[in-house]
Participant: 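Got a structure for you, written out below as structure tokens; questions coming shortly.
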Amino acid sequence: MPTQTVLADLTTLPVPADVLALDARDPLAHKRDEFLLPDGVIYLDGNSLGALSRRVVQRVRHVTEEEWGRALIGSWTLGAQEGRDWMALPDRVAAKIARLIGAQPDEVAVGDSTSVNTFKVLAAALGVAAPERRVLLTDADNFPTDLYVAQGLTALLGGGYELRRVPADEVAAHLRPDVAAVLLTQVDYRTGRCLDLAAISAQARAAGVLTIWDLAHSAGAFPVDLNGAGADFAVGCGYKYLNGGPGAPAFLFAARRWHAAAPVALSGWMGHADPFEMARDYVPAPGARRFVTGTPMVLSLSALDAALDAFADVDLHALRVKSLALTDMFMALLDPVAERLALTLVTPREPAQRGSQVSYRHPQAREVMADLIAAGLVGDFRTPDILRFGFTPLYHSFADVYRAARGVQAMLEARA
Ligand SMILES: Cc1ncc(COP(=O)(O)O)c(C=O)c1O
Ligand SMILES: Nc1ccccc1C(=O)C[C@H](N)C(=O)O
């Protein structure tokens with residue numbers, strides 16, 4: 001059978017009563033209607049590009065037609081009293097993200113890409129570390145952009161700065177007196193392994209090492225408590241679980257205790273205390289706003305702002321409970337057939353040790369994923385041999401999980 005037709009009726013595949021009962025009891029089930037997803041597709045790639053929410057469509061129309069089209073330049077300041085001005089839009093978005101990551105609103109800055117924010121927080125951290133500490137420690141298998149930005153910055157700084165790459169599970173053993181900071185991605189983009197942010201942050205602090213967390217696959221997937229963990233700096237993506245849209249602005253976190261001392265490497269006028277004073281010298285804005293560099297990307301910030309409203313009525317603990325139940329169910333459905341179908345689970349089974357995705361190794365992972373996508377089951381392939389399925393508790397049902405698992409099984413059986 002051609003592989004495209006193997007899953008022809010996947011989205012209407014009958015679902016057992018016990019699975020439907022889980023959806024009937026799901027306190028987040030109603031959130032699905034807030035999103036626009038194409039018919040005939042099971043979308044398991046919200047950890048690469050989150051889905052489009054209805055609010056975003058309306059907001060983007062409003063901001064283009066009304067705020068830009070009619071009010072034009074006035075919108076930078078118009079409605080400042082009611083919190084509608086473009087100037088303070090990054091701060092309003094920061095406040096919404098702060099709640100999701102256990103931060104205070106003035107500890108979060110929004111704008112630019114995750115890569116650029118990584119540069120900003122690395123420079124800030126190295127700038128406040130003791131001068132004899134010149135090593136930046138990281139996971140040797142960190143996401144490429146984290147490694148590349150760290151390479152670029154240590155090369156730029158020169159002066160004995162060094163990027164030291166070690167396996168993620170050996171980080172604790174490398175928290176030595178020459179280490180300034182450790183840069184880690186909490187949830188591995190391939191395996192979905194979730195590091196213990198609180199424990200590692202505590203170990204690092206005890207060793208005098210600053211922590212920098214990449215929350216790309218954490219923020220919006222489950223509650224993060226940066227301040228509870230005493231983390232120093234963090235970054236994250238706006239377009240994955242926050243659903244801000246392709247290329248959405250990213251965020252950074254800088255703990256309050258560092259605001260006064262941390263250098264702002266990209267000190268732009270939009271992070272100045274009074275941009276329109278047009279002063280000759282940089283004076284940082286209060287709080288993390290100082291890390292905003294240039295003019296806010298109003299269209300994409302507005303989309304992200306609207307997308308974040310999906311979280312306003314969501315209990316983040318319930319989000320985590322559902323996410324774990326979705327990933328548990330997917331693994332449980334594939335467990336009995338995995339070996340026969342050459343699937344090797346690489347996601348930790350221990351709930352505390354996984355994010356919101358399930359990944360398997362498969363010898364033909366690239367071709368299998370291409371076939372699955374062509375058939376309407378959208379996951380992701382990651383080199384060299386990983387099939388990755390992302391679950392988004394805001395818009396996935398247990399029926400989706402059941403159909404997806406059966407679809408993967410049917411596709412692999414058809415190829416065998
Ligand atoms: C862990 C991690 N960091 C950073 C990024 C992306 O950075 P940027 O938005 O700058 O492309 C991604 C995904 O692209 C990621 O998975
Ligand atoms: N920004 C992108 C642009 C194009 C394609 C994918 C991405 C991703 O974000 C990939 C993601 N970081 C991942 O872990 O798969």
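Order of appearance sets the numbers: ligands from 1, and atoms from 1 within every ligand.
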Participant: So do V337 and L412 actually touch side chain to side chain, heavy atoms under 4.5 Å?
Facilitator: no
Participant: Within the 4.0 Å heavy-atom shell around D146, which atoms of ligand 1 are there?
Facilitator: 3 (N)
Participant: Could you give the distance from OG1 (T347) to CZ (R349), rounded to the nearest 0.5 Å?
Facilitator: 9.5 Å
Participant: Among all the protein's non-hydrogen atoms, which is closest to atom 16 (O) of ligand 1, and how far away is it?
Facilitator: H217 NE2, 2.7 Å
Participant: List the closest protein heavy-atom neighbour of atom 5 (C) of ligand 2: residue, atom name, distance to the nearest 0.1 Å.
Facilitator: S48 OG, 4.4 Å
Participant: With side-chain hydrogen bond (donor to acceptor under 3.5 Å, both in side chains) as the test, would you mind laying out the steps for T114 and N117 before giving the verdict?
Facilitator: CA-CA 5 Å; T114 308; N117 282 300; 5.9 Å; no
Participant: For D305, which of R92, R84, R59 qualifies under salt bridge (Lys or Arg N to Asp or Glu O under 4.0 Å)?
Facilitator: R59
Participant: Which pair of non-hydrogen atoms, one from V182 and one from V209, has the smallest distance, and what is that distance?
Facilitator: N-CG1, 3.8 Å
Participant: Which option wins on minimum heavy-atom distance to atom 9 (O) of ligand 2: R190, Q357, K240?
Facilitator: K240
Participant: Should you measure from each heavy atom of H217, which atoms of ligand 2 turn up under 4.0 Å away?
Facilitator: 13 (C), 14 (O)
Participant: How far is atom 2 (C) of ligand 2 from its nearest protein heavy atom, and which residue and atom is that?
Facilitator: Y239 OH, 4.3 Å
Participant: Geometry only, no angles: is Y189 polar-contacting ligand 2 at N/O separations under 3.5 Å?
Facilitator: no
Participant: Nearest 0.5 Å, please: how far is CD in E367 from CE in M369?
Facilitator: 12.0 Å
Participant: Tell me the contacting part of T114 for ligand 1: side chain, backbone, both, or neither, using a 4.0 Å heavy-atom threshold, strictly below.
Facilitator: both
Participant: If you measure from the Lys or Arg side-chain nitrogens to the Asp or Glu carboxylate oxygens, is any gap between E34 and R55 under 4.0 Å?
Facilitator: yes
Participant: Please write down residue, atom name and distance for the protein heavy atom closest to atom 14 (O) of ligand 1.
Facilitator: Y239 OH, 3.2 Å
Participant: Is a side-chain N or O of S356 found less than 3.5 angstrom from the main chain of F391, in a donor-acceptor match?
Facilitator: yes
Participant: Should the proximity of A216 to ligand 1, defined as any heavy atom under 4.0 Å, be assigned to the side chain, the backbone, both, or neither?
Facilitator: side chain
Participant: To which protein heavy atom is atom 13 (C) of ligand 1 closest, and what is the distance rounded to 0.1 Å?
Facilitator: K240 NZ, 2.9 Å
Participant: Nearest protein heavy atom to atom 5 (C) of ligand 1, by residue and atom, and its distance?
Facilitator: F143 CE2, 3.6 Å
Participant: May I ask you to decide if the ring planes of F35 and Y395 are parallel, tilted or perpendicular, using 30° and 60° as cut-offs?
Facilitator: tilted
Participant: Any ion pair linking R205 and D232 (charged N to carboxylate O, less than 4.0 Å)?
Facilitator: no
Participant: Of the protein's non-hydrogen atoms, which lies at the shortest distance from atom 10 (O) of ligand 1, and what is that distance?
Facilitator: S115 OG, 2.6 Å
Participant: Report, in ascending order of atom number, the atoms of ligand 2 lying under 4.0 Å from any heavy atom of R388.
Facilitator: 13 (C), 14 (O), 15 (O)
Participant: Judged by modelled atom types alone, do H217 and Q186 share a side-chain donor-acceptor pair under 3.5 Å?
Facilitator: no
Participant: Under a 4.0 angstrom heavy-atom cut-off, which atoms of ligand 1 come close to T185?
Facilitator: 1 (C)
Participant: Can you name the atoms of ligand 1, numbered from 1 with element, that are less than 4.0 Å from a heavy atom of T145?
Facilitator: 4 (C), 7 (O)
Participant: Hey, could you give me the OG/CZ distance between S359 and R354, rounded to the nearest 0.5 Å?
Facilitator: 11.5 Å
Participant: Provide the number and element of each atom of ligand 2 under 4.0 Å from a heavy atom of R382.
Facilitator: 10 (C), 13 (C), 15 (O)
Participant: Measure from atom 7 (C) of ligand 2 to the protein's non-hydrogen atoms and state whether any distance is below 4.0 Å.
Facilitator: yes
Participant: Protein heavy-atom contact under 4.0 Å for atom 11 (C) of ligand 2?
Facilitator: yes
Participant: In the protein, what heavy atom is nearest to atom 3 (N) of ligand 1, and what distance, to one decimal place, separates them?
Facilitator: D214 OD2, 2.7 Å
